[in-house]
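Notes to accompany the following structure.
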Amino acid sequence: MKRIILFVLTNVMVVAVLGVVASLLGVNRFLTANGLNLTALLGFALIMGFGGAIISLLISKPMAKWSAKVRIINDPQSPDEAWIVQTVRNFADKAGIGMPEVGIFEGDPNAFATGAFKNSSLVAVSTGLLQNMTREEVEAVIGHEVAHVANGDMVTMTLIQGVMNTFVVFLSRVIGYAVDSFLRRNDDRSSGPGIGYMLTTLVLDIVLGFAAAIVVAWFSRQREFRADAGAAQLMGRKQPMMNALARLGGLPPGELPKTVEAMGITGKLGSLFATHPPIEQRIAALQNSNSN
């Protein structure tokens with residue numbers, strides 16, 4: 001359960017903060033002043049849903065640097081670091097995007113890309129990845145992450161998260177209003193949202209947030225297949241990416257902070273909340289693709 005909660009924590013916390021601010025400003029009373037105003041509620045849900053997702057996107061790069069303790073390579077201190085930077089530069093040029101920041105973080109084999117904009121992104125690889133893979137395999141992994149950036153996956157996932165947030169905010173408040181109205185059906189002395197509305201909304205924000213996370217995770221898994229294919233295209237052949245995936249399948253998957261897990265090369269497998277498909281499915285998809 002802790003793993004799932006951490007997965008949605010950043011987005012949920014941002015939306016929760018926005019919800020508290022809205023309550024302090026009296027938005028809930030405005031929405032229910034003369035019965036539930038569904039049009040106003042939808043507008044409120046859109047602002048809350050996409051506002052939370054966009055804020056999460058805008059802070060994604062600094063959050064990733066902080067949570068994964070990424071060391072940015074400004075001046076390469078070794079031939080390996082110079083090679084990593086040059087590899088990212090070559091792929092970025094080929095993909096037609098701006099040069100990402102390049103970083104290294106301590107940990108088991110993994111890598112990720114993040115950032116709000118294609119021309120201002122971050123690509124980071126772990127020390128475990130560099131120590132346990134051949135250069136060709138590391139190159140394929142870097143290609144995978146650059147493909148995420150070139151495909152605009154961070155923005156795509158933000159839009160999907162925004163839509164799901166909107167449904168969560170809208171439905172939780174409609175149901176909360178209905179519950180509150182039922183509990184206070186014989187009370188003519190009070191107006192505006194009561195405790196039933198507040199508690200129901202809070203609980204449903206969490207419950208529906210988990211349901212939304214399942215949908216977001218499904219879309220994330222589809223983006224992984226596309227990024228694998230993108231890496232094959234950037235390298236001109238698919239075998240290096242297949243080799244990299246096969247090696248990752250035989251190594252302990254590196255853990256990433258949940259704020260960047262969806263953009264990593266590996267992730268939790270075998271559940272509805274998995275952000276990445278099983279390794280064997282990814283290899284099979286590459287084998288059946290039209291790449292060389």
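From a predicted model like this one, the values you see are computed outputs, not experimental measurements. FYI, the numbering just counts along the sequence from 1.
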What distance do [X] atom [atom1] and [Y] atom [atom2] have between them, rounded to the nearest 0.5 Å?
| X | Y | atom1 | atom2 | value |
| --- | --- | --- | --- | --- |
| Ile97 | Ser120 | CD1 | OG | 11.0 Å |
| Ile283 | Gln287 | CD1 | CD | 7.0 Å |
| Thr166 | Leu171 | OG1 | CG | 10.5 Å |
| Ile104 | Thr127 | CD1 | OG1 | 8.0 Å |
| Ile279 | Arg247 | CD1 | CZ | 13.0 Å |

Answer whether the closest heavy-atom distance between the side chains of [X] and [Y] falls below 4.5 Å.
| X | Y | value |
| --- | --- | --- |
| Val169 | Leu46 | no |
| Asp80 | Leu130 | no |
| Phe112 | Leu122 | yes |
| Ser78 | Glu81 | yes |
| Pro62 | Trp66 | no |
| Ile142 | Val125 | yes |
| Glu101 | Val70 | no |
| Met235 | Phe91 | yes |

**OP:** Report the residue from Thr87, Leu129, Asn110 that forms a side-chain contact (heavy atoms from CB on, under 4.5 Å) with Val141.
**Re:**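 Answer after filtering Thr87, Leu129, Asn110: Leu129.
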Subject >> Partner of Arg223 by side-chain contact (heavy atoms from CB on, under 4.5 Å), out of His276, Met157, Met154 >> reply: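 Testing each of His276, Met157, Met154 against Arg223, the sole residue satisfying side-chain contact (heavy atoms from CB on, under 4.5 Å) is Met157.
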Original post:
For Phe44 and Phe170, what are the C-alpha separation, side-chain angles and deciding distance, and is it a ring pair (Phe, Tyr, Trp, His ring centres under 6.0 Å)?
Top reply: CA-CA 8 Å; Phe44 171 73; Phe170 185 83; over 10 Å; no
Quick check: is [Y] connected to [X] through a chain of hydrophobic side chains (ILVMFWY, heavy atoms under 4.5 Å apart)?
| X | Y | answer |
| --- | --- | --- |
| Val207 | Val179 | no |
| Phe182 | Ile175 | yes |
| Val216 | Phe225 | no |
| Leu42 | Val163 | yes |
| Leu202 | Met198 | no |

With no hydrogens and no angle check, is any side-chain donor or acceptor of [X] less than 3.5 Å from a backbone partner on [Y]?
| X | Y | result |
| --- | --- | --- |
| Gln222 | Phe219 | no |
| Ser126 | Asp108 | yes |
| Lys94 | Leu234 | yes |

Original post:
Given the rule in the side chain to side chain contact (heavy atoms under 4.5 Å, CB included) test, do Leu159 and Phe50 qualify, once you have shown the distances and angles that lead to the verdict?
Top reply: CA-CA 7 Å; Leu159 293 175; Phe50 281 91; 4.2 Å; yes
Closest heavy-atom pair and its distance - [X], [Y]:
| X | Y | value |
| --- | --- | --- |
| Glu139 | Trp83 | N-CH2, 4.0 Å |
| Asn132 | Pro109 | ND2-CG, 4.1 Å |
| Ala92 | Met99 | CB-CA, 4.4 Å |
| Pro100 | Val88 | CD-CG1, 3.7 Å |
| Asp180 | Ile195 | OD1-N, 4.0 Å |
| Ala116 | Leu58 | CB-CD2, 4.0 Å |

Tell me if the [atom1] atom of [X] is crowded by more than 12 foreign heavy atoms within 6.0 Å.
| X | atom1 | answer |
| --- | --- | --- |
| Phe167 | CZ | no |
| Phe117 | CZ | no |
| Asp75 | CG | no |

**OP:** Determine, stepwise, if the pair Val168 / Leu204 fulfils side chain to side chain contact (heavy atoms under 4.5 Å, CB included).
**Re:** CA-CA 8 Å; Val168 169; Leu204 287 179; over 6 Å; no
Original post:
His148 pairs by side-chain hydrogen bond (donor to acceptor under 3.5 Å, both in side chains) with which of Asp153, Thr156, Thr114?
Top reply: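 Passing option: Asp153.
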Do [Y] and [X] meet the salt-bridge criterion of a basic N to acidic O distance under 4.0 Å?
| X | Y | value |
| --- | --- | --- |
| Glu106 | Arg71 | no |
| Asp228 | Lys238 | no |
| Asp205 | Arg173 | yes |
| Arg282 | Glu224 | yes |

**OP:** Determine, stepwise, if the pair Ser56 / Met63 fulfils side chain to side chain contact (heavy atoms under 4.5 Å, CB included).
**Re:** CA-CA 9 Å; Ser56 297; Met63 280 292 292; over 6 Å; no
Subject >> Worked check of side chain to side chain contact (heavy atoms under 4.5 Å, CB included) between Gln86 and Asn90 >> reply: CA-CA 6 Å; Gln86 189 57 49; Asn90 291 342; 2.8 Å; yes
